[in-house]
Amino acid sequence: MAPPYDVVVGCLLLLTLATGTLGAVLLLRAAHGRPAATVVQQTPPGVLVWGEEALDHQETLRAAKALTRGVVLTVLCAAALTATVAVTWYGPDKSEPRLEVVTPDGGFCGRPRGVTDGRLLLRTPAGEVRVRLDEALTVRAVGSCPGPGTTG
């Protein structure tokens, strides 16, 4: 992927991992309660100790809040994953490499298309150019071609 899309994909994947993990933890919390040790009091069946109703109601409210947040984060995880895949599929590719070749006849710069019989085929705006590699003084990779007549 072309910069900065490679960084965008990495950040979206990190966001996906974080929201998915947190959403899963909150959904587990909503389903099974807060992990904690509790003291069980021996009471006859059907008899509630004073205050249990209030504690049970508070736990129910906390579970409902965790369920809501877990569902929202899980949906955000799916959205972030979808965005990551979309950027990966439809984002721009890295630009093709360019070569600058200097020969006694002059300099050429363009996208390499292959080597045949010791000749490098370069695609330039002026068309395709064949350069004899045994006559090349320098060959170097460049990010972009320097002059308007030599860019690839």
Side-chain angles (χ1 to χ4, degrees), residues 1-40 53-152:
M1 301 232 50
Y5 293 94
D6 52 352
V7 174
V8 170
V9 167
C11 290
L12 284 171
L13 285 174
L14 184 61
L15 176 67
T16 301
L17 181 65
T19 57
T21 302
L22 189 55
V25 166
L26 287 172
L27 290 174
L28 286 171
R29 158 77 172 81
H32 302 289
R34 189 179 63 117
T38 58
V39 177
V40 178
E53 299 93 354
L55 292 175
D56 190 41
H57 181 68
Q58 288 175 348
E59 177 59 26
T60 302
L61 293 176
R62 284 193 296 265
K65 184 184 280 188
L67 179 63
T68 303
R69 289 179 180 169
V71 168
V72 168
L73 285 171
T74 304
V75 169
L76 283 176
C77 175
L81 184 59
T82 303
T84 302
V85 170
V87 170
T88 302
W89 283 355
Y90 302 113
D93 292 335
K94 284 186 176 179
S95 61
E96 294 181 15
R98 292 185 173 88
L99 290 178
E100 183 179 54
V101 182
V102 177
T103 66
D105 297 331
F108 303 95
C109 187
R111 293 186 178 114
R113 292 295 172 216
V115 177
T116 307
D117 298 326
R119 294 175 190 260
L120 173 66
L121 179 62
L122 288 177
R123 179 178 290 168
T124 68
E128 291 189 348
V129 177
R130 293 188 186 276
V131 180
R132 289 183 49 172
L133 290 175
D134 59 346
E135 292 181 357
L137 301 174
T138 61
V139 177
R140 67 183 184 120
V142 292
S144 60
C145 293
T150 59
T151 58

Show which side-chain atoms of residues 63-81 pair as donor or acceptor with protein atoms under 3.5 Å away, not counting sequence neighbours.
unit_1, atom_1, unit_2, atom_2, d
Thr68, OG1, Ala64, O, 3.0
Thr74, OG1, Gly70, O, 2.7

Kindly compute the distance separating [atom1] ([X]) from [atom2] ([Y]), expressed to the nearest 0.5 Å.
X: Leu121; Y: Glu128; atom1: CG; atom2: CD; answer: 4.5 Å
X: Leu122; Y: Arg113; atom1: CG; atom2: CZ; answer: 9.5 Å
X: Leu120; Y: Arg132; atom1: CG; atom2: CZ; answer: 13.5 Å
X: Leu15; Y: Thr84; atom1: CG; atom2: OG1; answer: 7.5 Å

Discussion item. Quick test of your reading: applying salt bridge (Lys or Arg N to Asp or Glu O under 4.0 Å), list the pairs with at least one residue in residues 19-33, sequence neighbours left out, ordered by first then second residue.
Written reply: Arg29-Glu59
Worksheet, complete the sentence: Looking only at heavy atoms, the pair that brings Thr103 and Leu137 closest together is C-CD1, 4.0 Å
Discussion item. Give me the atom names and distance for the closest heavy-atom approach of Cys109 to Val142.
Written reply: SG-CG2, 3.9 Å
Worksheet item: Salt bridge between Asp117 and Arg119, side-chain N to carboxylate O under 4.0 Å?
Response: no
Worksheet item: Do Glu100 and Arg98 come within less than 4.5 Å of each other through their side chains, counting heavy atoms only?
Response: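 Answer no - side chains too far apart.
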Practice prompt. Determine yes or no for a side-chain-to-main-chain donor-acceptor pair under 3.5 angstrom, with Thr19 supplying the side chain and Thr16 the backbone.
Written response: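 Checked: pair present.
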